[in-house]
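Data block below; observations after.
On a predicted model such as this, the values are computed, not experimentally measured, just so you know.
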Amino acid sequence: MTDIVVFGTSELARIMVSMLREDPRYRVVAATAHRQYLDAMPEMPVPVCAYEDLADVADPARVQMIVAIGYTKMNEQRQRVVDIVTADG
């Protein structure tokens with residue numbers, strides 16, 4: 001089973017969490033976003049934490065992250081998040 005963290009505050013992130021929870025290959029351990037955007041996070045059926053605190057909740061070496069952010073400037077935003085996450089290990 002692969003541990004997953006879903007990054008994003010959109011409805012897409014909520015749907016991704018729900019879909020992954022239905023698949024026995026995955027265990028969604030958390031949903032995350034940058035601290036200043038947490039107020040926009042839809043209600044999630046998994047723990048929610050600020051990205052800045054994620055290492056306290058999930059071991060970065062043991063989880064996979066799915067960046068599920070909306071369609072506005074999608075590629076720019078996804079690339080920025082991927083760059084940050086990659087730099088953080």
Side-chain angles (χ1 to χ4, degrees):
M1 182 178 295
T2 302
D3 286 348
I4 301 285
V5 173
V6 176
F7 186 107
T9 61
S10 68
E11 185 67 10
L12 177 62
R14 189 194 61 75
I15 291 168
M16 186 63 64
V17 167
S18 295
M19 289 175 59
L20 290 168
R21 291 183 77 214
E22 296 292 322
D23 191 321
R25 297 174 295 174
Y26 306 108
R27 180 172 65 124
V28 181
V29 296
T32 191
H34 293 292
R35 187 178 320 283
Q36 69 262 32
Y37 300 112
L38 284 181
D39 289 342
M41 180 79 74
E43 188 170 323
M44 294 285 191
V46 296
V48 173
C49 70
Y51 175 75
E52 295 81 0
D53 301 329
L54 185 58
D56 297 335
V57 176
D59 179 357
R62 302 199 65 184
V63 299
Q64 299 289 317
M65 183 175 287
I66 294 179
V67 178
I69 56 179
Y71 299 105
T72 305
K73 298 183 183 177
M74 178 173 47
N75 290 336
E76 288 176 27
Q77 291 179 8
R78 282 189 184 152
Q79 189 60 55
R80 186 173 57 237
V81 170
V82 167
D83 291 345
I84 291 167
V85 170
T86 301
D88 289 345

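In this structure, the side chains of Thr9 and Leu38 stay at 4.5 Å or more apart for every pair of heavy atoms. Annotation: side chain of Met16 is not in contact with side chain of Ile4 (no heavy-atom distance under 4.5 Å).
When the side chains of ILVMFWY residues are joined at heavy-atom separations under 4.5 Å, either directly or via intervening members, Tyr26 and Val6 end up in a single hydrophobic cluster. Cluster annotation: Val28 is connected to Met44 through the hydrophobic network of ILVMFWY side chains, with a link wherever side-chain heavy atoms come within less than 4.5 Å.
Taken to the nearest 0.5 Å, the CG atom of Leu54 stands 10.0 Å off from the CG atom of Asp59. Annotation: the span from Met41 atom CE to Cys49 atom SG amounts to 8.0 Å, rounded to 0.5 Å. Distance CD/Glu52 to OG1/Thr32: 7.5 Å, rounded to 0.5 Å.
Across Ile66, Ile15, Thr2, Val46, a single residue satisfies side chain to side chain contact (heavy atoms under 4.5 Å, CB included) together with Leu20, and that is Ile66.
Here the closest non-hydrogen pair linking Ala68 and Ser10 is O-OG, 3.3 Å. Looking at every heavy atom in both residues, Ala13 comes nearest to Gly8 through CB-O, 3.5 Å. Across every non-hydrogen atom of Ala58 and Val63, the tightest pair is CB-CG1, 3.9 Å.
Contacts of Arg27 classified as salt bridge (charged side-chain N to carboxylate O under 4.0 Å, His left out), with partners at least two apart in sequence or in another chain: Asp3.
Counting non-hydrogen atoms of other residues, nucleotides and ligands closer than 6.0 Å to CD of Glu22 gives a total of 12 or fewer.
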List, one per line, each side-chain donor-acceptor pair under 3.5 Å for residues 80-88, sequence neighbours excluded.
{"residue": "Asp83", "atom": "OD1", "partner": "Gln79", "partner atom": "NE2", "Å": "2.7"}
{"residue": "Thr86", "atom": "OG1", "partner": "Val82", "partner atom": "O", "Å": "2.7"}
{"residue": "Asp88", "atom": "OD2", "partner": "Tyr51", "partner atom": "OH", "Å": "2.6"}

